[in-house]
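So the structure is just underneath, and the comments pick up after that.
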There are 2 protein chains.
Amino acid sequence: MHPTHKPRAIPPSRRRVTAAMVAEHAGVSTATVSLVANGKAIGRVSASNEAKVREAIRELGYVVDGIGSSLARGVSNTVIMVAPDISNPFFATVIAGVRFALGSEYQLLLSVTDAGQLPSADDTRKLLGLRPAGLLVDAPDPSFLEELSAPGPLVLLDAPEFGSDVPAVNLDVAQGARLLAEHLAETGHKKVAYLDGTTGTTTFEVRREAFLLASRELGMEVPECALAATTVNVALAAEEFSAVWPRWKKAGVTAVACATDTHAYGILQEARATGISIPGELAVAGFDDLPYSRTSAPGLTSVHLPGELLGRRAGEQLLRLMAGEELETQQVVLQSSLMVRGSTLEA
Amino acid sequence: MHPTHKPRAIPPSRRRVTAAMVAEHAGVSTATVSLVANGKAIGRVSASNEAKVREAIRELGYVVDGIGSSLARGVSNTVIMVAPDISNPFFATVIAGVRFALGSEYQLLLSVTDAGQLPSADDTRKLLGLRPAGLLVDAPDPSFLEELSAPGPLVLLDAPEFGSDVPAVNLDVAQGARLLAEHLAETGHKKVAYLDGTTGTTTFEVRREAFLLASRELGMEVPECALAATTVNVALAAEEFSAVWPRWKKAGVTAVACATDTHAYGILQEARATGISIPGELAVAGFDDLPYSRTSAPGLTSVHLPGELLGRRAGEQLLRLMAGEELETQQVVLQSSLMVRGSTLEA
DNA sequence: CTGAAAGCGCTTACAG
DNA sequence: CTGAAAGCGCTTACAG
């Protein structure tokens, strides 16, 4: 019966500790246990019973079972955030903001999809089957939202193309684009180019159109040949730039705006490799203000988007919705700003 | 009763569609509905009943409720991955691998913590309260694991310091460190430096110790002054390098290995700014082989770690565990490789 | 093959 | 203040 090998510590009974066990241990009903465990004891449970229950909870190591609780209440205490692009460093700051806003009452869970992909209808249904207390969806596309029937509390992030009927927190990238155009106009540029992203994300369209519009309004010209596009990839952007630069140069382009800093890194790199002077010969700027932009050589001028704030505001809105409150503002728009660095400004 | 404003499409009854509703609609019991809905009908439900149920499911838009199902079964079909560092681009590739391995049977959910932080004991308990079918924990620290009592299927990723009693998939960073040392020795370096990370992650220790050991074995010297450390941050690494470089130079150091590519970017940047020739005057290399390393100027020599494979193998192991199978190999170790680029090799 | 019933663990009126 | 009981939606022996 007692084999020779070292007796190991008896594993604490694998059995899940239930409210019923706590109730028995404390000599009360499970209703009382529930009240105490959920912090609803004030004025509903006698001090002595409360103490007994707390003691029993500690002794047995009881934790309220999320599944049972969710079933009884109709919703879980989970907030699910659907995230299409986890590889973007920008996204980490958004998450940090959401976590900050949500605090510890709700459990934040991320559902990630493959880069740039949105969750399938099937995935979405499964997520809803988890009965989240709230849903946060970053950069959704319109068709995705149609599938999301009966969603309960829902806040969209970075979803500029949606109507005002669904709560959203957006970034005013158009404003940032204008700031950038103004900066280039002020520093004397007459002909500018634009290196776009090819993923068809709405924000890319907004960035481009706002920049082109503002540029023209400010009297700068965008030569026909001066529009290019690649996926969000340093190497491909470098390649594309090396292919189009001769034409741009011939057309008199002296500045280029890029849909993302990543694109801009490609240009910086290619310029360095081939001896194009930045910003002397070509001024370069991007969007996103990624961490590396502060430290590249030259530093990259970039439209800064407040990621942490985006997450925080979205979390706050969702919190209100989950509390059953009305939103005073359905649509929150956050200002962007321009970080001017060496890539557009001679030292 | 019928106000003048446009009547909108009647919202599909907000009531959740339950198995009972489907059962009634199809004229069968909920047991039959459950069998069909879960694909367990073969040989247990008559073809005609199955057809009726399927039709009812479609008509009513029934989806099995995850919460009810989880409660009845004891576990959910959710796999939770605990991720301490979502801002690392490397991590996105790991996730992709996990998703690939897991397929569509399980729902992957990420629980992220603030950069470098591990989930609190409290958070962990809440996660367990979701009754995940399996748990994946990336880069845990030992104390975290102790709290994880009765975890069910669990696979660790990148957790070199754990014993062989808990299933894990690890990266052989030590091997990569040796490859790097060999490369530097072969290219003629006699004195090398190391720029470490300060977060105290185990993998950083392994990288450093393996590199230093191999370097010495290969006859290279690591001068006392040639060890520095900063957090994982380009700007801080640049600053630190600018502070220590004079001493390193005086000591005869001609090559530096960095705990991460991010550190190395800082050195590249500072070197460019101050005119230190890379690799002529100083060869530079890092770990992680981040996307930018391929395209920096010069390209950064780096120890490549197979992130996608790491995720995939971990997912596969977890799948086996969740299926109740024994693991033939508890500990999987993945080889790293050295990507040699311009930062250590004159063109 | 089929359905009634028990049970998963909890919460919340409800009656006392 | 307290507890018995119903109910959340499902799954799974079990008896037929």
Side-chain angles (χ1 to χ4, degrees), chain A residues 14-53 56-57 60-78 125-126 128-131 133 150 152, chain B residues 14-53 56-57 60-78 125-126 128-131 133 150 152:
Chain A
R14 248 43 182 143
R15 212 57 218 89
R16 193 184 298 280
V17 178
T18 67
M21 294 163 68
V22 175
E24 188 183 351
H25 199 86
V28 300
S29 70
T30 59
T32 302
V33 172
S34 176
L35 257 14
V36 173
N38 289 296
K40 297 177 180 171
I42 26 80
R44 323 246 254 121
V45 176
S46 67
S48 88
N49 266 355
E50 181 171 350
K52 276 193 253 172
V53 171
I57 287 179
L60 301 180
Y62 172 66
V63 182
V64 176
D65 180 74
I67 297 288
S69 172
S70 299
L71 185 55
R73 279 211 286 240
V75 289
S76 70
N77 71 335
T78 287
R125 274 195 225 99
K126 282 185 191 160
L128 258 20
L130 263 26
R131 306 229 201 149
Chain B
R14 249 45 182 141
R15 209 61 216 87
R16 192 184 298 279
V17 178
T18 68
M21 293 163 68
V22 175
E24 188 184 350
H25 198 86
V28 301
S29 71
T30 59
T32 303
V33 172
S34 176
L35 257 14
V36 173
N38 289 296
K40 297 177 181 171
I42 25 81
R44 321 245 256 122
V45 176
S46 66
S48 88
N49 266 355
E50 182 172 350
K52 275 192 257 175
V53 172
I57 287 179
L60 302 180
Y62 172 67
V63 182
V64 176
D65 181 74
I67 297 289
S69 173
S70 301
L71 185 56
R73 280 212 285 240
V75 290
S76 70
N77 71 334
T78 288
R125 274 195 225 99
K126 281 185 191 160
L128 259 20
L130 262 27
R131 306 231 200 146

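Predicted model only: the values in this text are computed from it and were never measured.
For dG3(D), one of the phosphate oxygens OP1 or OP2 lies less than 4.0 angstrom from a side-chain nitrogen or oxygen of Thr32(A). A close approach under 4.0 Å does occur between a side-chain nitrogen or oxygen of Lys40(A) and OP1 or OP2 of dT12(C). Remark: Thr30(A) is not in phosphate contact with dG9(C), judged by side-chain N or O atoms under 4.0 Å from OP1 or OP2.
If you find the closest nucleotide of DNA chain C to Ala37(A) and to Ala47(B), the one lying nearer the 5' end belongs to Ala47(B). Nearest-nucleotide positions on DNA chain C place Glu50(B) closer to the 5' end than the other of Glu50(B) and Arg131(B).
Atoms CE and CD1, on Met21(B) and Ile57(B) in that order, are 13.0 Å from each other to the nearest 0.5 Å.
The side-chain contact (heavy atoms from CB on, under 4.5 Å) search around Thr30(B) returns Ala20(B), Ala23(B), not counting sequence neighbours. Residues meeting the salt bridge (charged side-chain N to carboxylate O under 4.0 Å, His left out) test with Lys126(B), sequence neighbours left out: Asp122(B). The side-chain hydrogen bond (donor to acceptor under 3.5 Å, both in side chains) search around Ser70(A) returns none, not counting sequence neighbours. Scored by the side-chain contact (heavy atoms from CB on, under 4.5 Å) test, Thr78(B) finds Leu130(A), Ser76(B), Ile80(B), Gln107(B), Leu109(B) as partners (sequence neighbours excluded). The salt bridge (charged side-chain N to carboxylate O under 4.0 Å, His left out) search around Arg73(B) returns none, not counting sequence neighbours.
Residue pairs meeting the salt bridge (charged side-chain N to carboxylate O under 4.0 Å, His left out) criterion with at least one partner in residues 63-72 of chain B, sequence neighbours excluded, are Arg131(A)-Asp65(B), Arg16(B)-Asp65(B).
The stretch residues 61-75 of chain B comes close to DNA chain D through Tyr62(B), Val63(B), Val64(B), Asp65(B), Gly68(B), Ser69(B), Leu71(B), Ala72(B), Arg73(B), each having a heavy atom under 4.0 Å from the strand.
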For residues 33-47 of chain B, tabulate all N or O donor-acceptor pairs below 3.5 Å that involve a side-chain atom, not counting sequence neighbours.
{"residue": "Ser34(B)", "atom": "OG", "partner": "Asn38(B)", "partner atom": "ND2", "Å": "3.4"}
{"residue": "Asn38(B)", "atom": "ND2", "partner": "Ser34(B)", "partner atom": "O", "Å": "2.8"}
{"residue": "Ser46(B)", "atom": "OG", "partner": "Asn49(B)", "partner atom": "N", "Å": "3.2"}

Per-nucleotide pairing state of DNA chain C [Watson-Crick or G-U, under 3.5 Å; [ ] pseudoknot-crossing; | other strand]: |||.||||||||.|||
Between N or O atoms, less than 3.5 Å apart, protein on one side and nucleotides 13-16 of chain D on the other: list the pairs.
none

